Amino acid sequence: MGSHVLTSVAWPYANGPRHIGHVSGFGVPSDVFSRYMRMSGHQVLMVSGTDEHGTPISVQAEAEGMTARELADKYNGVITSDLQGLGLSYDLFTRTTTRNHYRVVQDLFTALFKNGYVVPKKAMGAVSPSTGRTLPDRYIEGTCPICGYDNARGDQCDNCGNQLDPVDLINPRSKINGEAPKFVETEHFFLDLPSLAGSLEKWLATKTEWRPNVLRFSHNLLADLKPRAITRDLDWGVPVPLDGWRDQPMKRIYVWFDAVIGYLSASIEWAQRIGDPDAWKRWWLDPDAQGYYFMGKDNIVFHSVIWPGILLGQNGEGDHGGEVGPFGKLNLPSEIVSSEFLTMSGSKFSTSRGQVIYVGDFLRDFGPDALRYFISVAGPENQDTDFTWSEFVRRTNFELANEWGNLVNRAVSMAHKQVGAVPEANDQRDVDHELLGLSRGAFDEVGKLLQRSRFKQAMSEAMRVVSAANAYISNQEPWKLKDQPERRDTVLNTALQVVSDANTLLTPFLPHAAQKVHEALGRDGVWAAQPEIRTVSEADGPDYPVLMGEYAAEQARWQSTPIRPGAPLQKPTPLFPKLDESLGETGPDWAKLD
RNA sequence: GGCGGGAUAGCUCAGACGGUAGAGCAAGCGGCUCAUAAUCGCUGUGUCACGGGUUCAAGUCCCGUUCCCGCUACCA
């Protein structure tokens with residue numbers, strides 16, 4: 001039995017549908033990784049959910065004329081369905097508005113408070129006079145006191161680049177409704193990061209294997225840590241679990257503090273849902289368990305500093321010492337896997353400028369595996385990467401459909417026509433062994449790359465097997481071997497075995513297609529399991545949808561699976577439909593190119 | 001402004017530890033016809049952003065410059 005692997009996937013924010021840049025950062029990489037880990041025998045727990053608190057949710061809710069909860073429900077539904085469609089194999093994809101999550105956040109808050117890592121402090125802050133809500137700096141604009149630019153933001157002037165304090169803006173106004181913000185002194189709780197910096201530094205020093213940019217960025221953050229406010233004047237969020245605070249309608253724990261705790265609360269919820277309430281501990285308390293966290297680069301600070309800081313505080317392991325909290329001594333992240341950004345025409349996806357490709361639209365027109373393939377082979381793994389429709393069409397048609405899809409098609413189709421079943425291999429020669437050796441050797445090679453989250457290179461190596469198989473068929477010319485049926489059958493058998501091996505290698509990337517190939521080879525049952533949407537209930541709370549799946553029952557293993565001679569074969573249908581090449585020039589109707 | 005990342009063939013990108021630049025696509029030529037007009041073989045191409053430095057040797061290390069991208073912690 002393999003070790004326990006926790007796959008913690010960044011929580012998509014539920015203020016709107018997610019675009020393909022989002023899922024290229026956290027979604028596809030984490031799923032490829034988890035599927036590979038399961039196939040190679042590890043006990044994987046993959047958790048996430050929608051992140052549903054915070055000012056932007058409230059603002060968007062007002063814009064759409066509904067309550068924050070209604071808005072969260074709406075986009076939780078959209079996002080859950082998108083991720084299900086993409087085939088992301090979460091053991092639990094839940095949300096931050098559950099009773100369970102509130103309880104875990106409050107328990108963690110209390111533990112940190114008791115250990116002295118969460119402290120009350122008075123601070124000046126902007127609030128909206130009409131609603132009484134905290135007005136984040138980014139929602140304030142006004143005239144820059146330094147250069148006189150009229151549309152300076154509360155935290156920074158886009159014109160002169162200086163960092164600003166909203167108090168200093170001339171004629172400050174709310175971007176939400178235009179009113180002038182009120183600056184008041186309010187009491188809030190702060191996470192005392194400086195008292196955790198020493199322990200964080202010690203922990204980080206052991207992480208020499210991380211990607212250098214994540215390490216450098218994190219070390220820099222540690223050099224200048226300040227206490228950070230974790231509550232706000234808001235009516236939307238987890239209540240502060242202390243007497244005198246609990247019932248205040250306008251004091252809430254703020255979203256970034258509660259969202260990262262979701263990794264823990266979702267693990268606990270998962271254990272309850274499978275009827276084994278202590279099961280989460282195998283991933284969180286066993287020191288041998290590994291925790292991999294997947295996110296876009298904008299999220300590094302929360303995962304390399306703040307979340308580990310919260311965990312250290314709960315464990316009583318900062319400068320103030322303290323007791324181990326109610327959850328036991330929790331594991332810190334083993335690995336932070338951060339992606340760069342998928343860009344469009346060289347800049348960030350932007351909802352406001354309409355420069356955006358939503359996951360739902362994409363899946364409806366092109367299906368999950370084409371997107372998964374593109375992100376895996378051309379995604380923003382090491383640097384920002386531009387998405388273009390022409391590149392997408394080229395990758396899909398020439399690589400996915402022509403090389404891989406057509407290999408499956410030609411091999412199965414020939415065996416079907418000549419034999420009607422998986423043929424016997426009674427005349428094996430060196431060329432056959434050579435090809436089989438290549439595909440078997442690839443498991444080790446591709447596996448090592450996947451373990452290190454080198455997805456692009458892993459995919460290239462897997463596709464190398466596909467190319468070799470195409471070359472083998474062309475060289476052996478089985479269609480010319482009508483008078484040597486035994487040799488012909490052996491060639492076809494070898495080709496089908498390598499199709500099977502390549503399919504296994506590609507399963508983490510292309511699980512939907514992998515299931516089809518599995519069946520095309522005359523097998524049955526579930527090869528690669530898919531997540532399903534289930535409606536679950538909670539005591540004292542409303543029902544909600546989650547993603548879960550029966551992944552332990554899938555057949556896929558990270559090894560060569562022998563094909564069974566005699567298994568009947570059907571005439572295959574193309575694995576991947578080809579895209580109209582004009583799509584590359586124009587884009588789809590819903591995202592026309594200029 | 002501060003911090004980080006990037007700049008390599010027409011295009012998209014690889015290039016731990018420094019040792020005379022790689023892959024795929026596109027282009028040209030040839031083969032094959034089993035297959036989704038699919039596939040297989042052969043053939044080119046680069047002042048590795050710019051300027052200095054260290055070194056026997058630098059795309060790779062150091063300094064400076066330019067351009068692009070991101071973050072800058074009250075966006076999440």
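In the text below, chain A, chain B and the rest are named by the order of the sequence lines, each starting its count at 1. Keep in mind it's a predicted model, so treat the numbers as computed, not measured.
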**Request:** Write down the distance between CE (Met459(A)) and C1' (A23(B)), rounded to a whole number of angstrom.
**Result:** 16 Å
**Request:** Taking only Lys NZ, Arg NE, NH1 and NH2, and the carboxylate oxygens of Asp or Glu, determine whether Lys516(A) and Glu519(A) approach each other closer than 4.0 Å.
**Result:** no
**Message:** Under a plain distance cut-off of 3.5 Å, with no hydrogens placed, do His101(A) and Thr96(A) share a side-chain donor-acceptor pair?
**Reply:** no
**Asked** With sugar-phosphate meaning primed atoms plus P, OP1 and OP2, does Ala378(A) contact a base, only sugar-phosphate, or nothing at under 4.0 Å between heavy atoms?
**Response** nothing
**Rounded distance in Å between the P positions of C62(B) and G24(B)** = 32 Å
**Message:** Could you check whether Glu64(A) and Tyr75(A), counting side-chain N and O atoms only, form a donor-acceptor pair closer than 3.5 Å?
**Reply:** yes
**Stretch residues 54-64 of chain A: residues that reach within less than 4.0 Å of RNA chain B through a heavy atom** = Gly54(A), Thr55(A), Pro56(A)
**Message:** Could you tell me how far apart Lys297(A) (NZ) and G6(B) (C1') are, to the nearest whole angstrom?
**Reply:** 9 Å
**Request:** Could you tell me the separation between the CZ atom of Phe576(A) and the C1' atom of U36(B), rounded to a whole number of Å?
**Result:** 12 Å
**Complete:** The single option from Ile306(A), Leu221(A), Leu225(A) that satisfies side chain to side chain contact (heavy atoms under 4.5 Å, CB included) with Leu200(A) is Leu225(A)
**Item:** C42(B) pairs with, by Watson-Crick or G-U criteria that keep both distances under 3.5 Å
**Value:** G28(B)
**Asked** Looking only at side chains, do Tyr293(A) and Trp307(A) share a donor and an acceptor under 3.5 Å apart?
**Response** yes
**Request:** Nearest whole angstrom, please: distance from the P of C25(B) to the CD of Glu581(A).
**Result:** 14 Å
**Complete:** Of Glu399(A) and Glu391(A), the one whose closest nucleotide on RNA chain B sits nearer the 5' end is Glu391(A)
**Item:** base_contact_polar (A35(B) base, Asn409(A) side chain, donor-acceptor, <3.5 Å)
**Value:** no
**Whole-Å gap separating P (C74(B)) and NZ (Lys251(A))** = 15 Å
**Asked** Looking only at side-chain N and O atoms, does Lys417(A) come under 4.0 Å of OP1 or OP2 in A35(B)?
**Response** yes
**Message:** How many whole angstroms separate atom CZ of Arg395(A) from atom C1' of C11(B)?
**Reply:** 11 Å
**Prompt:** Starting at the 5' end of RNA chain B and moving along, which residue's nearest nucleotide shows up first, Asn406(A) or Lys482(A)?
**Reply:** Lys482(A)
**Phosphate OP1/OP2 of A37(B): any Lys578(A) side-chain N/O under 4.0 Å** = no
**Message:** Which residues pass the side-chain hydrogen bond (donor to acceptor under 3.5 Å, both in side chains) test with Thr94(A), not counting sequence neighbours?
**Reply:** Glu269(A)
**Spacing of Asn475(A) atom CG relative to G31(B) atom P, expressed in whole Å** = 16 Å
**Under 4.0 angstrom between Asn470(A) side-chain N/O and A38(B) OP1 or OP2** = no
**Request:** I would like to know whether Glu52(A) and Arg95(A) meet salt bridge (charged side-chain N to carboxylate O under 4.0 Å, His left out); could you show each step before the answer?
**Result:** CA-CA 7 Å; Glu52(A) 303 182 357; Arg95(A) 55 195 303 189; 2.9 Å; yes
**Message:** Within the 4.0 Å heavy-atom criterion, would you say Ile300(A) contacts the bases, only the backbone, or no part of the nucleic acid?
**Reply:** nothing
**Message:** By the 4.0 Å heavy-atom rule, please label Val255(A) as base, sugar-phosphate, or nothing.
**Reply:** sugar-phosphate
**Message:** Tell me whether the side-chain N/O atoms of Arg454(A) come closer than 4.0 Å to OP1 or OP2 in G15(B).
**Reply:** yes
**Asked** Reckon Ile306(A) touches a base, only the sugar-phosphate, or nothing at all at heavy-atom distances under 4.0 Å?
**Response** nothing
**Request:** Please step through salt bridge (charged side-chain N to carboxylate O under 4.0 Å, His left out) for the pair Arg394(A) and Glu399(A), ending with a clear verdict.
**Result:** CA-CA 7 Å; Arg394(A) 189 186 70 67; Glu399(A) 295 178 12; 3.3 Å; yes
**Prompt:** CD of Glu477(A) versus P of U33(B): gap in Å, rounded?
**Reply:** 7 Å
